[in-house]
Amino acid sequence: MNLKILSSKLKEFQNIDETVITTLYTLSIRSLLVLISLAALTVVALYPILHNSIIIWFLSLVILIGYRLYSAHLFKQDPEKYSMTVWYKKFIVSAIITALIFSTLGFIFIHQVDYYYQIYILAVVLGLSSGSIVSLSPDIRLNLVYAGILMFPLTLTMLFLYDTPIHYILAISLILYFIAQVTTIYTMDKRKKEFDTLQSEHMLLESLFKNAPLGIFTYNKDLEVLECNDKLTALFEHDKEKVIGLNLNDLPDSRVLGALENAITEGPQTYEGPYISLNGKDFWIDAKAFSFSDTSNRVLGGVGMIEDKSKENAALKELEYMVQHDMLTGLLNRRGF
């Protein structure tokens with residue numbers, strides 16, 4: 001049973017959302033242009049020492065980044081050319097190869113230069129690692145792998161490059177930096193999921209608010225209407241501009257006011273009975289009201305829901321009349337007496 005649960009969790013973890021893939025390709029365009037610029041600056045800085053080897057390194061990056069830019073353009077123009085799984089695999093493979101090429105600065109080329117250039121290489125790798133947090137933020141797995149590929153070889157190099165206290169301190173600092181980076185990545189991913197959940201809930205509530213068959217409105221603790229849906233304005237034949245901002249104390253019919261006011265302090269309230277609208281029309285309504293709060297459970301106002309029961313009430317009165325009167329004479333029958 002535990003194995004089945006674990007297998008299910010792994011499959012869930014391996015799934016990738018289409019939105020994530022789209023965001024990855026969208027963010028990659030700008031980040032790739034930054035990468036190629038940084039690679040060009042690195043060639044200029046290290047060419048006097050590394051010569052042809054850094055040129056070969058740069059050309060391999062140019063080819064790879066050119067391919068990634070072409071893939072991003074192709075994805076934008078024709079995302080249905082491949083399945084989303086293929087698009088995702090193409091992205092992660094090319095991103096990992098990019099990280100591997102840049103990581104060679106930290107475990108191959110760094111041995112061939114003096115202290116000043118080592119500091120430059122250290123700054124480049126740290127900058128890339130930091131920048132990837134944003135550009136790869138849609139996918140926490142790729143983000144962690146990319147950062148690890150960049151940081152792990154550099155950290156090992158600092159441990160074994162020279163047997164000096166400063167290099168041990170640098171290695172420990174890099175480890176702490178990587179831990180902080182992992183924490184940041186996890187925090188960003190957690191907040192993103194929370195934001196997506198809140199956004200989904202907000203969209204659902206907004207859809208219900210707009211399309212519900214009931215008249216719905218919200219009001220603050222001063223009983224001023226904050227928002228209302230189209231059903232409410234259609235029900236009472238009011239203009240939305242007239243309703244929003246209206247103080248409920250100014251309603252010509254105050255019979256429903258008690259339920260709306262008490263809902264803020266005493267919990268859910270109901271009112272069913274007659275109601276005269278702002279236009280002077282008679283209704284029989286079923287009104288329900290309840291309070292709404294912020295994340296700290298501080299009550300901000302109330303929500304009112306109005307259902308027109310005029311037809312049902314008229315039908316009920318007609319039925320009661322028929323039960324108590326003779327249909328031919330209209331006089332009271334035995335039940336009526």
Side-chain angles (χ1 to χ4, degrees), residues 5-35 38 68 71-72 75-76 79 84-85 87-96 98-99 102-103 123-152 154-155 172-210 218 226-227 291-301 303:
I5 295 174
L6 179 60
S7 176
S8 175
K9 291 292 183 183
L10 287 174
K11 288 181 179 179
E12 180 181 350
F13 188 69
Q14 289 171 354
N15 289 335
I16 195 71
D17 194 291
E18 181 178 343
T19 306
V20 171
I21 301 172
T22 303
T23 308
L24 283 172
Y25 274 101
T26 302
L27 292 176
S28 68
I29 296 176
R30 181 175 296 179
S31 63
L32 289 173
L33 294 175
V34 173
L35 284 180
L38 184 60
R68 292 185 64 185
S71 295
F75 179 83
K76 183 179 180 181
M84 285 296 155
T85 302
W87 280 118
Y88 181 60
K89 288 180 179 178
K90 287 165 69 73
F91 187 92
I92 60 173
V93 170
S94 58
I96 289 174
T98 304
F102 267 105
S103 69
V124 168
V125 175
L126 288 177
L128 285 173
S129 180
S130 177
S132 67
I133 293 179
V134 177
S135 61
L136 301 178
S137 60
D139 188 356
I140 183 175
R141 295 163 292 182
L142 181 57
N143 211 338
L144 291 172
V145 171
Y146 193 93
I149 291 173
L150 289 173
M151 296 297 299
F152 184 69
L154 182 61
T155 304
I172 294 172
S173 300
L174 289 173
I175 292 172
L176 294 175
Y177 175 82
F178 181 70
I179 292 173
Q181 189 174 19
V182 170
T183 303
T184 302
I185 292 171
Y186 270 108
T187 302
M188 288 179 62
D189 183 70
K190 182 180 178 181
R191 290 181 179 176
K192 178 180 177 298
K193 289 179 179 178
E194 291 174 350
F195 174 78
D196 290 342
T197 300
L198 289 174
Q199 190 176 39
S200 298
E201 292 176 354
H202 175 75
M203 292 175 66
L204 176 61
L205 290 174
E206 186 177 10
S207 178
L208 289 173
F209 184 81
K210 289 183 178 180
T218 59
L226 302 174
E227 187 58 81
S291 63
F292 68 91
S293 309
D294 58 14
T295 54
S296 59
N297 292 325
R298 182 168 57 94
V299 176
L300 299 179
V303 178

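Side chains included, hydrogens not; waters and symmetry mates left out as well; all remaining heavy atoms used. Nothing here was measured: the structure is a model prediction, and the numbers come from that model. Residues take their numbers from the sequence shown, with the count starting at 1.
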Let me confirm one number: the [atom1]-[atom2] distance from [X] to [Y], rounded to the nearest 0.5 Å.
X: L33; Y: L38; atom1: CG; atom2: CG; value: 12.5 Å
X: T187; Y: I133; atom1: OG1; atom2: CD1; value: 10.0 Å
X: R30; Y: L32; atom1: CZ; atom2: CG; value: 12.0 Å
X: E18; Y: T23; atom1: CD; atom2: OG1; value: 10.0 Å
X: R141; Y: I92; atom1: CZ; atom2: CD1; value: 8.5 Å
X: S135; Y: N143; atom1: OG; atom2: CG; value: 7.0 Å

For F209, is the CZ atom crowded, meaning more than 12 foreign heavy atoms sit under 6.0 Å from it? yes
For F292, I'd like to know if atom CZ has over 12 heavy atoms of other residues, nucleotides or ligands within 6.0 Å. yes
Work out which heavy atom in [X] is nearest to a heavy atom in [Y]; give both atom names and the distance.
X: P138; Y: V20; result: O-CG1, 3.5 Å
X: A95; Y: Y146; result: O-CE1, 3.3 Å
X: S130; Y: Y177; result: CB-OH, 3.3 Å
X: T98; Y: S94; result: OG1-O, 2.7 Å
X: K90; Y: S71; result: CE-OG, 4.4 Å

Parallel, tilted or perpendicular, as decided by the 30° and 60° cut-offs, for the rings of Y25 and W87: perpendicular
Student check: side-chain heavy atoms of [X] and [Y] closer than 4.5 Å:
X: S103; Y: F152; answer: no
X: L142; Y: F91; answer: yes
X: F75; Y: T22; answer: yes
X: I149; Y: F102; answer: no

Pair M151-L126, side-chain contact (heavy atoms from CB on, under 4.5 Å): steps then yes or no: CA-CA 8 Å; M151 296 297 299; L126 288 177; 3.7 Å; yes
Could you walk me through whether Q199 and M203 satisfy the side-chain contact (heavy atoms from CB on, under 4.5 Å) test, starting with their C-alpha distance in whole Å, then the side-chain angles of each, then the deciding distance to 0.1 Å, before giving a yes or no? CA-CA 6 Å; Q199 190 176 39; M203 292 175 66; 4.3 Å; yes
Looking at E194, K193, K192, which hits side-chain contact (heavy atoms from CB on, under 4.5 Å) with K190? E194
Would you confirm whether S132, through its side chain, and S129, through its main-chain N or O, come within 3.5 Å as a donor-acceptor pair? yes
